[in-house]
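For ligands, and for the atoms within them, numbers begin at 1 and follow the listed sequence.
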Amino acid sequence: MGGRSRLVNRAILRTLSQHSSSSSSSPSTLPASGSGANAVREEVKSLGRAGGAILGSAVDESGARKAQWGAGWVFAAAGLVGMSGGAVGSLHTQAEEEPKASIVPEVARPASKPRVVFVLGGPGSGKGTQCAKIVDSYGFVHLSAGDLLRAEIKSGSPDGTMIQNMIKEGKIVPSSVTINLLKKAMAESNTDKFLIDGFPRNEENRADFEKVTGILPEFILFFDCPETELERRLLGRNEGRVDDNIETIRKRFKVFIESSLPVIDHYEKIGKARKIDATKSREEVFNAIDPLFRPFLETDLQRATEVLLKGIDSGDLSTYERFCDPGMTAFEPEASGHLVKGLDFHRFYFNKKVAGGNEAENFRQSTVTSPVVTLLDSNVGLVTYTRLVQDRSSSEVKAYNETRLWQRKKSALVVYKKYLLLHCKSLALDLGMYQSVTMTYNGGYSGTNDWSTHGKGNVQMKEEEKRAARECTQITRRPPKVKSFQFFVPTQHLMGVGFEPSEDSLAKPTNMLPAFRGLRDIQLSHVHQRNQNKTRFWRTHSSPTTCTSRHLDRH
Ligand SMILES: Nc1ncnc2c1ncn2[C@@H]1O[C@H](COP(=O)(O)OP(=O)(O)OP(=O)(O)O)[C@@H](O)[C@H]1O
Ligand SMILES: O=c1ccn([C@@H]2O[C@H](COP(=O)(O)O)[C@@H](O)[C@H]2O)c(=O)[nH]1
């Protein structure tokens with residue numbers, strides 16, 4: 001890897017370790033117990049590590065929050081509907097450079113087991129180069145075993161001379177030394193997502209790491225590249241490394257073939273190796289890697305949503321404010337379908353403690369069911385789910401369909417939220433219902449499946465439609481040039497983003513699709529809905545300023 005980015009990486013690690021202890025301000029409001037709010041803050045902290053990509057600041061001893069890293073995914077809270085004023089800009093904009101320290105949650109140790117990806121390949125195959133890109137896009141912490149060893153030499157450690165000699169000879173340093181360095185770096189870091197680059201280099205490394213840490217990698221990346229190309233790259237690297245000379249390079253190749261390839265074979269056998277053609281350009285290599293990391297992001301977004309809900313349940317306004325953009329827009333059931341902008345409306349509920357109520361009376365608990373995460377592009381993710389809310393003060397369980405749109409920014413979290421109260425007490429979601437949605441970026445929509453022509457009147461769902469409904473969201477079509485794609489969304493999820501199939505919404509132009517209205521470049525062109533008993537078709541058109549729906553047919 002380029003020495004410069006490695007230095008940056010080490011600087012980040014140092015910063016993280018300096019700020020790993022945190023303190024929190026007291027919750028501003030208490031609809032629930034104070035202990036609940038404390039529990040949320042603990043989870044926010046743990047998310048900071050568990051989803052370190054998402055939460056990007058630390059709180060120092062004095063309680064002053066510090067903006068901290070330049071790397072990784074951090075999501076911005078921004079009201080997309082209110083975005084026309086330019087608060088957020090296009091979905092495709094890059095993340096902001098500077099975090100807004102005031103709204104970023106603190107970070108601390110994670111509750112969850114680290115998720116590790118080993119990055120392997122011959123010397124010079126581009127491991128470090130790609131790790132820097134993955135860090136940028138997915139918020140992993142990059143730990144290069146070679147860098148850690150070189151830093152150990154510089155630190156004047158008693159092992160320094162031994163390590164120096166091994167590196168000069170292209171030999172593999174004893175496992176105990178490297179594993180200790182890795183463990184220390186992981187413990188000092190503020191995330192649970194690690195790219196471990198250039199390790200394990202032999203079977204002993206692999207077995208000992210598993211034994212000592214109990215960690216198995218999620219998968220390994222194997223950068224496949226012929227020696228001629230590796231040699232060309234290493235001789236042109238110019239980073240002043242003692243081992244970038246032809247003699248040591250050849251020794252390293254030999255060690256790689258004899259000792260490291262068997263490790264890759266091992267992971268291949270257990271289905272964990274992801275082979276990448278490393279001869280391609282840097283961009284092409286990254287494009288091949290990119291999809292492998294998206295699931296991490298989906299997990300992080302789901303976790304972030306869950307922590308946010310805990311914050312809401314326990315009345316932890318400070319957590320809520322850190323996650324939400326001050327200009328956030330929402331459709332709240334309490335606002336009778338009207339759009340509310342900003343946080344004031346929401347703050348009110350944090351103060352709504354039951355008068356004289358005890359802890360039990362103020363306790364609420366949310367359970368997220370059927371979560372679906374859809375990454376609209378590398379900066380925007382949609383989390384849809386049904387939220388079951390239990391309240392000790394009544395026997396009712398309420399069900400809400402919620403959608404939260406998260407945008408990647410370097411300040412904080414949630415962009416947009418919308419939910420619709422479905423039922424009280426008994427929950428009767430019809431999972432057989434589904435909708436086909438075409439989203440079009442930058443206008444330019446052209447043709448898609450039109451359920452009103454081939455599905456009309458037919459109450460039997462095709463097998464593939466049922467599967468699409470079950471799997472919730474499937475992107476089925478994404479032409480390479482027209483930025484338009486179609487996906488199926490079960491009604492329950494689409495309702496969450498503003499589609500309300502009520503009589504009212506049929507009768508007049510409605511605010512049906514406000515979620516998309518604010519997305520400057522997205523128009524929702526068609527919405528069709530059908531279930532097994534009734535078939536309903538609506539054609540819906542939204543533009544940045546208008547939104548109408550027309551009932552086409554109904555059985
Ligand atoms: N896809 C690529 N095409 C051409 N050159 C590349 C590519 N990827 C990386 N390089 C260049 O090749 C050299 C080696 O890359 P890099 O340092 O990332 O490899 P590495 O696998 O981390 O090496 P090592 O194992 O020795 O640390 C660097 O000068 C880098 O800029
Ligand atoms: O796990 C490891 C990683 C590295 N080494 C030694 O360091 C050099 C350089 O490693 P790079 O990954 O190319 O930076 C390598 O040739 C080994 O001598 C190691 O022993 N164990």
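- Residue contact check for ligand 2: Lys127 places no non-hydrogen atom closer than 4.0 Å to it.
- For atom 31 (O) of ligand 1, the choice among Arg233, Glu229, Arg282 with the nearest heavy atom turns out to be Arg282.
- Ionic pairing of Asp300 and Lys193 is present here: one or more N-O contacts between side-chain nitrogen and carboxylate oxygen are shorter than 4.0 angstrom.
- Taking the charged nitrogens against the carboxylate oxygens, Arg303 and Asp192 do have a contact shorter than 4.0 Å, which makes a salt bridge.
- Within the 4.0 Å heavy-atom criterion, neither part of Asp147 lies near ligand 2.
- Taking only nitrogen or oxygen atoms, main chain and side chain alike, Gly128 reaches within less than 3.5 Å of ligand 1.
- Listed by number with element, the atoms of ligand 2 under 4.0 Å from a non-hydrogen atom of Ala145 are 1 (O), 2 (C), 3 (C).
- Contacts between Ser281 and ligand 1 below 4.0 angstrom, taking non-hydrogen atoms only, involve the backbone exclusively.
- Phe118 has its ring centre less than 6.0 Å from the ring centre of Phe209.
- For the pair Val285 and ligand 1, the shortest N or O to N or O distance does not fall below 3.5 Å.
- The residue Gln164 has no part lying near ligand 2, judged by heavy-atom distances below 4.0 Å.
- Contact check on Arg206 versus Glu210 returns a salt bridge, with a Lys/Arg side-chain nitrogen under 4.0 Å from an Asp/Glu carboxylate oxygen.
- In the displayed structure, Lys171 atom NZ is contacted under 6.0 Å by at most 12 heavy atoms of other residues, nucleotides or ligands.
- For the pair Gly236 and ligand 1, the shortest N or O to N or O distance does not fall below 3.5 Å.
- Using 4.0 Å as the threshold, Arg241 has a heavy atom nearer than that to some atom of ligand 1.
- Test Phe194, Tyr138, Phe140 against Phe296 for ring-ring contact (aromatic ring centres under 6.0 Å, His included) and you get one pass: Phe140.
- In this structure a side-chain-to-backbone donor-acceptor pair under 3.5 Å is missing from Glu152 to Ile163.
- Those atoms of ligand 2 with a heavy atom of Gly198 less than 4.0 angstrom away are 1 (O), 2 (C), 3 (C).
- Phe293 and Phe286 have their aromatic ring centers separated by at least 6.0 angstrom.
- Taking a cutoff of 4.0 Å between a charged side-chain nitrogen and a carboxylate oxygen, Asp244 and Arg252 qualify as a salt bridge.
- Around atom 21 (N) of ligand 2, the closest heavy atom drawn from Arg252, Arg241, Arg201 belongs to Arg201.
- Distances between N or O atoms of Asp197 and those of ligand 1 include no value under 3.5 Å.
- Ionic pairing of Asp136 and Lys133 is not present here: no N-O contact between side-chain nitrogen and carboxylate oxygen is shorter than 4.0 angstrom.
- Each of the atoms 1 (O) of ligand 2 lies under 4.0 Å from some heavy atom of Phe199.
- Both the backbone and the side chain of Val173 come within 4.0 Å of ligand 2, judged by heavy-atom distances.
- Asp243 CG to Asn245 CG: the interatomic distance, rounded to the nearest 0.5 Å, is 7.5 Å.
- Salt bridge annotation for Lys254-Glu258: present, with a cationic side-chain nitrogen under 4.0 angstrom from a carboxylate oxygen.
- Here the closest non-hydrogen pair linking Gly170 and Val255 is O-CG2, 3.4 Å.
- Listed by number with element, the atoms of ligand 2 under 4.0 angstrom from any heavy atom of Lys171 are 17 (C), 18 (O), 20 (O).
- Within ligand 2, counting atoms from 1 as listed, the ones closer than 4.0 Å to a heavy atom of Ile167 are 6 (C), 7 (O), 8 (C), 18 (O).
- Every atom of ligand 2 is numbered from 1 in the order shown, and the set under 4.0 Å from a heavy atom of Ile172 is 20 (O).
- Within the listing of ligand 2, atoms 9 (C), 14 (O) sit less than 4.0 angstrom from a heavy atom of Arg150.
- When non-hydrogen atoms are compared, ligand 2 lies under 4.0 Å from neither the backbone nor the side chain of Val255.
- Residue contact check: Thr178 has heavy atoms under 4.0 Å from atoms 1 (O) of ligand 2.
- Which of Arg237, Gln130, Glu239, Arg201 comes nearest to atom 29 (O) of ligand 1 through a heavy atom is settled by distance: it is Arg237.
- When only interatomic distances are considered, the shortest N/O to N/O separation between Lys280 and ligand 1 falls below 3.5 Å.
- Contact annotation for Arg252 and ligand 1: only side-chain heavy atoms (C-beta onward) come within less than 4.0 Å of the ligand.
- Remark: distances from the non-hydrogen atoms of Gly124 to ligand 1 include one below 4.0 Å.
- Between Glu227 and Arg250 no salt bridge is recorded (no basic side-chain N to carboxylate O distance below 4.0 Å).
- Proximity of a side-chain donor or acceptor of Thr248 to a complementary backbone N or O of Lys168 within less than 3.5 Å is detected.
- At least one N or O atom of Ser125 sits closer than 3.5 Å to an N or O atom of ligand 1.
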